[in-house]
Number of protein chains: 2
Amino acid sequence: MKPAIPANTVERLSLYRRLLEAWLEKGTTSLYSHQIASMACVTPAQVRRDLMAIGYTGSPSKGYSVDALEESIGLFLGSDRVRKIALVGMGNLGRALTTYFTSRVPRFRMAAAFDTDPRKTGRVIAGCMVYGIEEIPRIIPAEGIRTAVLALPADSAQEMADRLVNAGIKGILNYAPVPLRLPADVFLENRDVTASLEKVAFFSGQPREGS
Amino acid sequence: MKPAIPANTVERLSLYRRLLEAWLEKGTTSLYSHQIASMACVTPAQVRRDLMAIGYTGSPSKGYSVDALEESIGLFLGSDRVRKIALVGMGNLGRALTTYFTSRVPRFRMAAAFDTDPRKTGRVIAGCMVYGIEEIPRIIPAEGIRTAVLALPADSAQEMADRLVNAGIKGILNYAPVPLRLPADVFLENRDVTASLEKVAFFSGQPREGS
DNA sequence: GTAACGCTGTTACTGTTTTCACAACACTCA
DNA sequence: TGAGTGTTGTGAAAACAGTAACAGCGTTAC
Ligand SMILES: NC(=O)c1ccc[n+]([C@@H]2O[C@H](COP(=O)([O-])OP(=O)(O)OC[C@H]3O[C@@H](n4cnc5c(N)ncnc54)[C@H](O)[C@@H]3O)[C@@H](O)[C@H]2O)c1
Ligand SMILES: NC(=O)c1ccc[n+]([C@@H]2O[C@H](COP(=O)([O-])OP(=O)(O)OC[C@H]3O[C@@H](n4cnc5c(N)ncnc54)[C@H](O)[C@@H]3O)[C@@H](O)[C@H]2O)c1
């Protein structure tokens with residue numbers, strides 16, 4: 001994976017876009033890079049660089065047109081259309097994520113969930129149909145889903161990831177706390193909550209119990 | 001924040017430590033860098049470099065002693081003691097996180113949760129006492145908590161972050177999808193799920209709905 | 001005994017991401 | 001008009017992260 005666009009830039013663009021939406025509703029027509037930067041808590045130069053990456057150009061006198069920029073970012077990210085996502089593991093985390101996206105982020109739609117628990121399969125949970133994992137090779141291509149979220153126990157994560165990739169998945173957001181070995185053309189993002197918290201706790205100073 | 005140790009290294013050390021625990025239970029006494037690297041899906045050079053950062057030294061003939069290394073990393077990360085964490089926002093995500101840490105990661109203990117919902121305050125949820133937010137200035141110093149997790153609606157995140165910092169919090173793991181403005185001595189990690197998914201979806205190819 | 005091997009620790013290097021700095025331009029105001 | 005201000009776009013530099021390379025040294029083979 002040698003992305004023409006840095007992954008960090010994509011993440012920030014997503015944030016800019018969300019911030020711009022709020023200004024759009026307020027009726028603001030244009031913003032300067034330092035205003036966007038201030039809201040996003042980054043430097044103005046960073047904002048200009050990121051916008052340069054998607055080829056959007058502002059004017060030195062007026063700054064950036066809010067609605068045109070919002071549309072440009074949307075177009076670039078492909079978030080002008082609803083994106084279908086697959087979820088594997090409809091447990092506590094999976095349900096929370098599904099509820100969240102369904103109610104708050106209509107741009108992403110949990111189009112199918114997969115689970116091994118027979119009490120969950122065949123039902124609609126949090127607005128999302130839960131299938132047995134044997135349905136992966138049928139549903140994923142049929143729905144044309146290319147992106148999946150893994151929220152299942154660590155010991156089955158690798159196997160399910162393999163099955164997803166075989167079914168055509170090209171990007172995985174992994175919440176299971178285990179490194180995954182995947183083909184190079186599949187984009188993988190690990191969100192290891194324990195490691196994140198460990199990092200924050202580490203930099204919080206010396207927070208031992210019983211101190 | 002100019003960390004002597006790169007944040008990425010800390011995160012990987014957390015992972016190494018978890019992997020080592022599994023080998024420890026199996027009775028393995030020593031491992032080479034390339035074995036650790038293979039499990040963690042990184043290069044052997046990366047492993048050696050990370051271990052160099054914490055000053056741990058292996059032997060060229062035997063590799064790294066599993067138990068001594070596990071202990072060294074634990075000591076370095078401070079995870080030899082239980083760490084107390086505060087949670088703000090005992091909603092779907094907060095409950096999932098609390099359940100997860102309580103049952104799976106005893107090293108981190110959700111020592112106190114705060115919420116505005118009167119149906120939640122004063123009760124124990126997922127094994128964690130939920131207080132009203134007005135209790136923050138009392139509980140945080142009393143318990144000596146330095147690390148907090150934010151899992152509440154975006155519009156109150158900044159205000160709650162400020163209150164936490166005033167109460168002595170030195171590190172925040174933020175799940176609310178807004179950038180936070182904090183003093184430089186407070187470590188902040190944003191986990192914006194939407195931006196993560198946007199990134200993965202972007203690099204998954206062209207996954208529009210209706211394609 | 002000693003040559004060959006394989007691993008660590010460390011330094012040098014490569015590539016990527018972020019910041020800096022400034023030319024170029026539009027607009028304001030005297 | 002023309003100096004002054006403030007912004008963008010972008011080349012250059014810096015900071016950062018990861019990789020490669022290799023000296024040093026036990027260990028093994030013979
Ligand atoms: N809950 C959290 O806040 C949290 C945070 C970070 C990481 N995680 C990780 O996310 C994963 C899920 O966490 P959780 O709290 O939702 O756990 P959970 O036990 O509530 O849910 C796991 C779900 O996965 C299903 N499952 C089990 N094996 C499966 C398989 N082979 N294929 C498909 N589905 C399968 C189970 O039936 C269950 O519904 C775990 O790996 C956990 O470490 C959870
Ligand atoms: N659910 C998810 O999977 C998910 C994923 C990513 C991000 N998030 C973000 O995490 C946050 C919480 O998500 P959720 O799904 O748990 O929402 P939720 O509505 O289930 O829970 C929010 C909780 O915060 C409490 N709260 C509201 N205002 C508060 C305040 N000022 N102080 C303290 N507590 C307050 C509410 O009473 C509620 O218990 C949101 O910002 C959401 O954007 C959630």
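Remember, predicted model here, so these are calculated numbers, not experimental data.
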Exercise. Within the structure, does a side-chain N or O atom of B/S33 lie under 4.0 Å from either OP1 or OP2 of C/dT8?
Worked result: yes

Seminar exercise, completed: Per atom distances to the A/P60 side chain, the nearest of C/dT8, D/dG6, D/dG9 is D/dG6

Exercise. Do any side-chain nitrogens or oxygens of A/Y32 fall under 4.0 Å of OP1 or OP2 in D/dG9?
Worked result: no

For this session: Could you state the atom-to-atom distance from CD1 of B/I36 to C1' of C/dT8 in whole Å?
Result: 12 Å

Exercise. Within a reach of under 6.0 Å around CD of B/Q158, are more than 12 heavy atoms found that belong to other residues, nucleotides or ligands?
Worked result: yes

Exercise. Hey, what's the ring geometry for A/F101 with A/F108, parallel, tilted or perpendicular (30° and 60° as the breaks)?
Worked result: perpendicular

Exercise. Do any side-chain nitrogens or oxygens of B/S61 fall under 4.0 Å of OP1 or OP2 in C/dC7?
Worked result: no

Exercise. Between B/L13 (CG) and D/dA17 (P), how many Å, whole number?
Worked result: 14 Å

For this session: Report the C-alpha separation of A/E11 and B/D192 in whole Å, then their side-chain angles, then the decisive distance to 0.1 Å, and conclude whether the side chain to side chain contact (heavy atoms under 4.5 Å, CB included) test is met.
Result: CA-CA 9 Å; A/E11 237 165 327; B/D192 185 332; over 6 Å; no

Seminar exercise, completed: Whichever of A/K62 and A/M52 has the more 5' nearest nucleotide on DNA chain D, that residue is A/K62

For this session: Kindly point out which of C/dC20, D/dG9, C/dT17 is positioned nearest to the side chain of A/N8?
Result: C/dT17

Problem set entry | Residue whose nearest DNA chain C nucleotide is more 5′ - B/H34 or A/Q46 | B/H34

Exercise. Is the phosphate of C/dT19, meaning OP1 or OP2, less than 4.0 Å from a side-chain N or O of A/T43?
Worked result: yes

For this session: Indicate whether OP1 or OP2 belonging to D/dG18 is found under 4.0 Å from a side-chain N or O atom of B/R12.
Result: yes

Exercise. Can you find a donor-acceptor N/O pair under 3.5 angstrom joining the side chain of A/R49 to the base of D/dG11?
Worked result: yes

For this session: For B/T9, answer base if it contacts any base atom (sugar-phosphate contacts may also be present), sugar-phosphate if it contacts only those atoms, and nothing otherwise; contact means non-hydrogen atoms under 4.0 Å.
Result: nothing

Exercise. Do B/F202 and A/F76 have ring centroids that are under 6.0 Å from one another?
Worked result: yes

Exercise. With respect to the phosphate group of C/dG9, does any side-chain polar atom (N or O) of B/T57 fall under 4.0 Å of OP1 or OP2?
Worked result: yes

